[in-house]
Number of protein chains: 2
Amino acid sequence: MKLPAHELVYRKIRDKVLFGDLSPGQAVTIQGLAEEIGVSMTPVREAIRRLTAAGALEFMGNRRVTVPQMDENSFAELVFAREAVEPQLARQACMRVNSQVISQLRAIDQEVNQAIEAGDVPEYMYQNYRFHFMLYRHADSAILEPMAQTLWLRYGPLYRIICGKWGTANMVDLHAETVSALEKGDAEATAKAILLDVQQGFEIIRNSFQWS
Amino acid sequence: MKLPAHELVYRKIRDKVLFGDLSPGQAVTIQGLAEEIGVSMTPVREAIRRLTAAGALEFMGNRRVTVPQMDENSFAELVFAREAVEPQLARQACMRVNSQVISQLRAIDQEVNQAIEAGDVPEYMYQNYRFHFMLYRHADSAILEPMAQTLWLRYGPLYRIICGKWGTANMVDLHAETVSALEKGDAEATAKAILLDVQQGFEIIRNSFQWS
DNA sequence: GCCCTCATAATATGATCAGATTCTCGGAGG
DNA sequence: CCTCCGAGAATCTGATCATATTATGAGGGC
């Protein structure tokens, strides 16, 4: 079970983006990352290529690689895409999950709530991610699930800024709705619950972010 | 205007996938491609990483890289995603195109028609691609347009099989509808025209493909 | 005399390669 | 049917070359 170095590097950098360790506009260098992680440049280069292909990173000019800045247009597109993709994933997942998965989801939801109460932003973001993709994984989807992944990669850095500014105080947890829809096996209700979750997350950002 | 080798390699392989030079299930090796193109393995490795991240290629086990096979589920998701993304791109593009772009599109549409009449499948696929992405480029989209790219990468090999089997005989050209909607500046009509185009393409595949 | 500008040098970073090493697959032999 | 090689492919490194960015300093204008 030994994963290749480029895969480990990829996951490490991806998580940095996903959970907001890197903020929009921040530049990274291949050599810098190579030194930091303790590998040669080649595996880092490959990880960077994958991440730029996924939109998690962006080439600026011909030398610098940065976390993409998001403007109002891109933000609107991100909303549009997540609202299209994620409810559909939830719909498909609902038809496939068993009761064991549902209890796992409920357990993760507990973690989310605890993180909110504790005001632990990184933990909240991590557990929230876990909840969504634990669900989406069971959609058994080769197309939509990777799309959702790339959308979250764009969403992460932005969301991190908001959470850092406001804390977890005004985070409302809409996962209970989702879990109860799953228990009933109601695919449409599940899709609707996820749609609301997505919309609510974006409301928070929209209201508390001034687009320079 | 000298592009790096890994970029050239990426484009070369991407076009192979996009226009069906590689068929689903076909395996490629890094060394093989490196030798074929005449570069070292490193740039090829980077190109492969990008393409796998985009879903154009797929790791089978830990050794072989192949063009993904598509089953009925994935196909349905591909339909769903294209129907969501591409009309929206068309909608946004409609609000930004000028008359010069419209004439370019009309010119490309001529090429498409000629390719259909000539029964030239590769040319048809190439010009059809050009038409769509010439339009989408003007949507000025950082999120949706790359998504459409990856969807076409999955669509290409499949479409190529169909075209190879039936020729261009039953290809209906719905681009004229799109162009005329653009001329009127009617964003909704443009979106609808593209939606029909997408649906019609999928009808052909759905009807003429038995899912083993 | 001071500050700005532009050319040039120094440094950092990226791109590519060839080779050493590790790993996987497939077949031969038990 | 399982285990153990061997061929070939992939991975990773360090070196080398190319190029972008930054630092430096001379010259000219205010």
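Numbers restart at 1 for each chain; the letters A, B, ... are given by sequence-line order, proteins then strands.
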Rounded to whole Å, CD of A:Q31 lies from P of D:dA15 at a distance of 13 Å
Query raised in the report: Phosphate oxygens OP1/OP2 of D:dT11: is one of them under 4.0 Å from a side-chain N or O of B:R45?
Result: yes
- Query: Is the side chain of A:N128 donor-acceptor paired with the backbone N or O of A:Y124 at a distance under 3.5 Å, no angle test?
  - Reply: no
Between CD of B:E35 and C1' of D:dA9 the distance, given in whole Å, is 12 Å
Query raised in the report: Which part of the nucleic acid, if any, lies within reach of A:T29 when heavy atoms closer than 4.0 Å are counted: base, sugar-phosphate only, or nothing?
Result: sugar-phosphate
Here the distance between atom P of D:dA20 and atom CZ of A:F59, to the nearest Å, is 14 Å
B:L3 atom CG is separated from D:dA18 atom C1', nearest whole Å, by 15 Å
By nearest-heavy-atom nucleotide on DNA chain D, the more 5' of B:G32 and A:R64 is B:G32
B:M60 atom CE is separated from C:dT24 atom C1', nearest whole Å, by 15 Å
>> Using a strict threshold of under 4.0 Å (side-chain N to carboxylate O), is an ion pair present between A:E36 and A:K16?
In response: yes
Of D:dC12, D:dT13, C:dC17, the nucleotide closest to the side chain of A:S40 is D:dT13
Rounded to whole Å, the CD-P distance (B:E36 to D:dA9) equals 14 Å
- Centroid separation B:F133 to B:Y136 less than 6.0 Å: yes
Rounded to whole Å, the CD1-C1' distance (B:I37 to C:dT16) equals 15 Å
Atom CE of A:M41 and atom P of D:dT16 are separated, to the nearest Å, by 15 Å
Quiz item: Does A:R49 put a side-chain nitrogen or oxygen below 4.0 Å from OP1 or OP2 of C:dA15?
Solution: yes
Item checked: B:E7/B:R50 salt bridge by N-O under 4.0 Å criterion -> yes
